Participant: 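The structure that follows is given in the form of structure tokens.
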Amino acid sequence: MEKANSAKEAARLIEDGMVIGIGSGSTVEIFLNELGKRIKEEELEIWGVPSSYQSHMLAVENGITVTDLIQFEELDLCVDGADQVDENLNCIKGKGGALLREKIVAQAAEEVIIIVDSRKIVDVLDERVPVEVFPFAYGNAVKEIKKLGGEAVLRESDRKLGACITDNGNFILDVDFGRIEDPEGLECRINCIAGVFENGIFPRRLIDRVIVGTKDGVRVLRN
Ligand SMILES: O=C(CO)[C@H](O)[C@H](O)COP(=O)(O)O
């Protein structure tokens, strides 16, 4: 499986004593399970700041000492998945609804590594952009996003009635902007809307390396 190849390669890069940012999603889950095997076999001590309850629980299960950005203001490395990546290393993230904390741990890290399978690489980003919004700001945020050329849809929960609520108690809007020619500019414009906490555009300035899983191994894109 392609994503397993990228996750395993990232797990090999972790060194004893590192403090890492932990993204979220199914590829990160494979990464954590692989890292867990190394922690057990090689008796490594790894500290981690998880970006969601999902990765928090997986980190604990795999022997990572969970910590936070109060204890450490800088992380050695951050490993995370993505929903789309262009050849310049701009990414869209947030299908799992964890984008706010994911962007915080990415910014706190000295190096950010994205792990994906090859189907996620595109010429120009065009995936819907998740935007985490304070519920009180919902209607105004939809209107302001329209002015930026986006059609916003409230993400609904498939397990209960109504809105999907993030780990931080907020709404997620999934926004169709069509082709995104200026990811960095759009990222900033969305974040200027009152009540928006963060959005899923992770521009290339945040990303150092993308490990793309292929059928036979990996291909590495560097910034
Ligand atoms: O951004 C994310 C969660 O908020 C995930 O990293 C992204 O959705 C990729 O997930 P997966 O590895 O399951 O395809």
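We use all heavy atoms of the structure for the numbers below, so side chains are in, but hydrogens, waters and symmetry mates are not. Remember, it's a predicted structure, so these values are computed and weren't measured experimentally. Each ligand, and each atom within it, is numbered from 1 in the order the structure gives.
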Participant: Could you tell me whether Lys103 sits above the aromatic face of Phe202, with NZ or CZ closer than 6.0 angstrom to the six-membered ring centre and within 45 degrees of the axis?
Facilitator: yes
Participant: Would you mind running through ligand 1 and noting each atom that sits below 4.0 Å from a heavy atom of Asp80?
Facilitator: 6 (O)
Participant: What protein heavy atom sits nearest atom 13 (O) of ligand 1, and how far off is it?
Facilitator: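 The closest one turns out to be Ser26 OG, 2.5 Å.
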Participant: Has Glu43 got more than 12 heavy atoms of other residues, nucleotides or ligands less than 6.0 Å from its CD?
Facilitator: no
Participant: Could Lys120 and Asp86 be called an ion pair, given the rule that one side-chain N must be under 4.0 Å from one carboxylate O?
Facilitator: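 No, this pair does not count.
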Participant: With backbone taken as N, CA, C and O and side chain as the heavy atoms from C-beta onward, which portion of Val28 lies under 4.0 Å from ligand 1: side chain, backbone, both, or neither?
Facilitator: neither
Participant: In terms of atom number and element, which parts of ligand 1 are under 4.0 angstrom from non-hydrogen atoms of Gly96?
Facilitator: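 This gives 3 (C), 4 (O), 8 (O) as the contact atoms.
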Participant: Only heavy atoms of Gly81, strictly under 4.0 Å: list the atoms of ligand 1 that pass.
Facilitator: 6 (O)
Participant: Looking at ligand 1, does Ser24 have a heavy atom less than 4.0 Å from it?
Facilitator: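 Per 4.0 Å heavy-atom rule, Ser24 contacts ligand 1.
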Participant: Going by the atom numbers of ligand 1, which of them fall below 4.0 Å from some non-hydrogen atom of Gly97?
Facilitator: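 Close to Gly97: 4 (O).
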Participant: Kindly confirm or rule out an N or O of Gly25 lying under 3.5 angstrom from an N or O of ligand 1.
Facilitator: no
Participant: Which ligand 1 atoms are under 4.0 Å away from a heavy-atom of Lys93?
Facilitator: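 Counting from 1, the qualifying ligand atoms are 1 (O), 2 (C), 5 (C), 6 (O).
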Participant: Salt-bridge test for Glu127 and Lys95: reply yes if a basic N is under 4.0 Å from a carboxylate O, no otherwise.
Facilitator: yes
Participant: Do Arg179 and Asp126 sit within salt-bridge range, that is, some charged N less than 4.0 Å from a carboxylate O?
Facilitator: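 Looking at Arg179 and Asp126, the cut-off is not met.
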Participant: Is the shortest N/O to N/O distance between Thr27 and ligand 1 below 3.5 Å?
Facilitator: yes
Participant: Please determine if Asp80 and Lys93 form a salt bridge, counting it only when a charged side-chain N lies under 4.0 Å from a carboxylate O.
Facilitator: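 Looking at Asp80 and Lys93, the cut-off is met.
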Participant: Applying a strict 4.0 Å limit to heavy atoms, is Lys120 in contact with ligand 1?
Facilitator: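 Right, Lys120 reaches ligand 1.
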Participant: Whether Glu34 and Lys37 form a salt bridge (side-chain N of Lys/Arg under 4.0 Å from carboxylate O of Asp/Glu) is what I want to check.
Facilitator: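 So Lys37 pairs with Glu34 through a salt bridge.
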Participant: Report yes or no: do Ser51 and Ser24 form a side-chain donor-acceptor pair below 3.5 Å?
Facilitator: yes
Participant: Between Lys3 and ligand 1, which residue portion shows a heavy-atom distance shorter than 4.0 Å: side chain, backbone, both, or neither?
Facilitator: neither
Participant: Among all protein heavy atoms, pick the one closest to atom 8 (O) of ligand 1 and tell me residue, atom and distance.
Facilitator: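 Among all protein heavy atoms, the one nearest atom 8 (O) of ligand 1 is Asp83 OD1, 2.6 Å.
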Participant: Side chains of Glu198 and Asn191 only: does a donor on one sit below 3.5 Å from an acceptor on the other?
Facilitator: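 Judged by distance alone, the side chains do pair up.
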Participant: Report, in ascending order of atom number, the atoms of ligand 1 lying under 4.0 Å from any heavy atom of Gly94.
Facilitator: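 So the atoms of ligand 1 that pass are 1 (O), 2 (C), 4 (O).
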Participant: With heavy atoms of Ala98 as the reference, note each atom of ligand 1 found under 4.0 Å away.
Facilitator: 4 (O)
Participant: Between Arg101 and Asn168, is any side-chain donor less than 3.5 angstrom from a side-chain acceptor?
Facilitator: yes
Participant: Quick one: look up the protein heavy atom nearest atom 3 (C) of ligand 1 and list residue, atom name and how far away it is.
Facilitator: Glu102 OE2, 3.1 Å
Participant: Side chains of Arg204 and Asn223: is there a donor and an acceptor less than 3.5 Å apart?
Facilitator: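 Yes, Asn223 and Arg204 have a side-chain donor paired with an acceptor closer than 3.5 Å.
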Participant: What part of Ala82, side chain from CB on, backbone N/CA/C/O, both or neither, has a heavy atom under 4.0 Å from ligand 1?
Facilitator: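 It is the backbone that touches ligand 1; the side chain stays farther off.
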